[in-house]
Amino acid sequence: MSDAVLRAGGVDAGYGALQILFGVDLEVRQGEHVLVFGPNGAGKSTLIKALFGLVKPSAGHVTLAGRDVTGRAPEGMVAHGMAYVPQVSNVFGSMTVLENLEIGGARLSRSRREARIEEMVALFPVLGDRRKQSAGTLSGGERQMLALARALIPEPSVLLLDEPSAGVAPKIVEEIFHLVSGLRRTGVSVLMIEQNARQALPHVDRGYVLEGGAVRMTDTAASLLDNAEISKLYLGG
Ligand SMILES: Nc1ncnc2c1ncn2[C@@H]1O[C@H](COP(=O)(O)OP(=O)(O)O)[C@@H](O)[C@H]1O
Ligand SMILES: [Mg+2]
């Protein structure tokens with residue numbers, strides 16, 4: 001047994017006859033923060049969807065805390081401790097901040113839900129100030145914080161984040177990465193995708209380069225940042 005919270009082994013996946021992922025091996029260890037990066041269209045979002053059960057692998061397996069969960073639907077993944085924040089449409093814009101958080105805790109008892117919402121408001125104070133406001137009026141950064149907070153309410157063991165800096169003003173991007181990095185204190189493991197890999201890598205432990213639906217390289221974040229070839233090919237020089 002390894003200490004991997006989440007593991008993909010030899011995962012093939014795609015859309016109908018269109019194969020996108022080819023034998024992907026990846027793991028996220030207990031408490032670890034991992035970045036997946038690579039060119040547009042590499043299959044990064046598809047990989048996260050295959051891990052979360054939104055796309056069914058046609059080969060290989062996914063294990064969550066040592067349990068084979070290959071082919072389960074997202075509800076099953078959530079029940080076993082996975083949470084997913086999609087790249088777009090990750091909050092309900094017509095509902096208030098508080099209502100969005102309540103949805104995150106829909107499976108919890110009322111007292112537990114209320115307690116978790118207060119913990120999230122302590123972690124993201126801006127949400128507390130805006131709890132009665134409709135989520136559609138939030139800035140890009142606040143919206144990402146709300147999506148993060150909502151996903152964290154059930155206390156997942158592993159959090160999948162698809163481009164948390166998307167739609168966020170450049171000067172707030174660093175704040176988002178810093179907040180995600182700060183989640184280490186809670187013990188949650190993170191698998192994050194980012195276009196903005198040069199800026200995200202210093203905040204994570206390890207990274208995977210995905211290109212053409214296959215893992216090209218994996219190493220510590222520090223080594224990837226130091227690697228001249230990786231830098232030139234995938235980190236914008
Ligand atoms: N629902 C879908 N149906 C068919 N093809 C898709 C679908 N979603 C994504 N693709 C294709 O899969 C490939 C990988 O997309 P994606 O996983 O979103 O890449 P990335 O997140 O790395 O930019 C792209 O060629 C994209 O056009
Ligand atoms: Mg994507």
Side-chain angles (χ1 to χ4, degrees), residues 6-28 33-62 69-75 77 82-91 140-141 143-145 147-148 150-151 158-170 172-173 176-177 180 189-201 203-204 206-219 221 224-225 227 229-237:
L6 179 63
R7 166 175 289 139
V11 167
D12 290 354
Y15 306 95
L18 179 64
Q19 187 174 349
I20 303 294
L21 299 179
F22 298 86
V24 172
D25 293 323
L26 165 151
E27 68 173 26
V28 181
H33 286 203
V34 171
L35 181 74
V36 176
F37 62 103
N40 238 326
K44 303 181 298 296
S45 293
T46 303
L47 172 59
I48 266 195
K49 288 176 189 165
L51 293 170
F52 193 62
L54 288 163
V55 167
K56 275 201 166 65
S58 52
H61 54 268
V62 176
V69 294
T70 316
R72 294 209 191 190
E75 304 79 70
M77 302 300 188
M82 216 188 294
Y84 165 61
V85 180
Q87 188 172 345
V88 290
S89 308
N90 52 23
V91 302
R143 199 182 283 229
Q144 290 292 3
M145 288 178 206
L148 269 175
R150 192 180 62 187
V158 57
L159 181 60
L160 310 178
L161 301 177
D162 196 344
E163 305 227 10
S165 80
V168 174
I172 311 295
V173 169
I176 297 285
F177 291 154
V180 172
S189 307
V190 171
L191 180 68
M192 173 164 83
I193 292 174
E194 262 298 328
Q195 279 288 307
N196 211 340
R198 182 175 292 283
Q199 204 177 347
L201 271 171
H203 296 275
V204 302
R206 276 192 315 120
Y208 288 84
V209 178
L210 193 77
E211 185 172 25
V215 172
R216 299 296 170 193
M217 186 172 189
T218 179
D219 210 333
L224 289 166
L225 280 164
N227 184 316
E229 194 181 357
I230 293 292
S231 182
K232 182 159 114 348
L233 290 174
Y234 305 107
L235 301 174

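Atoms considered below: every heavy atom in the structure, side chains included; atoms not considered: hydrogens, waters and symmetry mates. Order of appearance sets the numbers: ligands from 1, and atoms from 1 within every ligand.
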| request: For the pair Tyr234 and Phe37, name the ring-plane relationship: parallel under 30°, tilted 30 to 60°, perpendicular over 60°. | output: perpendicular
| Between Lys56 (side chain) and Ala13 (backbone), is there a donor-acceptor pair under 3.5 Å? | no
| task | Quick one: look up the protein heavy atom nearest atom 10 (N) of ligand 1 and list residue, atom name and how far away it is. | result | Tyr15 CE1, 3.4 Å
| field | Nearest non-hydrogen protein atom, atom 14 (C) of ligand 1 | value | Gly41 O, 3.5 Å
| Would atom 19 (O) of ligand 1 count as contacted, meaning some protein heavy atom under 4.0 Å? | yes
| message | Under a 4.0 angstrom heavy-atom cut-off, which atoms of ligand 1 come close to Asn40? | response | 23 (O)
| query | Is there a side-chain contact between Gln199 and Glu194, using heavy atoms and a 4.5 Å cut-off? | reply | no
| request: Output yes when the distance from some N or O of ligand 1 to some N or O of Lys44 is under 3.5 Å, and no in every other case. | output: yes
| query | Looking only at distance, does Leu18 have an N or O less than 3.5 Å from an N or O of ligand 1? | reply | no
| request: Please determine if Ile20 has a nitrogen or oxygen closer than 3.5 Å to a nitrogen or oxygen of ligand 1. | output: no
| query | At distances under 2.8 Å, what protein N, O or S atoms surround the Mg ion (ligand 2)? | reply | Ser45 OG
| query | In terms of atom number and element, which parts of ligand 1 are under 4.0 angstrom from non-hydrogen atoms of Pro39? | reply | 22 (O)
| request: Please round to the nearest 0.5 Å and tell me the distance separating atom CG of Leu235 and atom CG of Leu224. | output: 7.5 Å
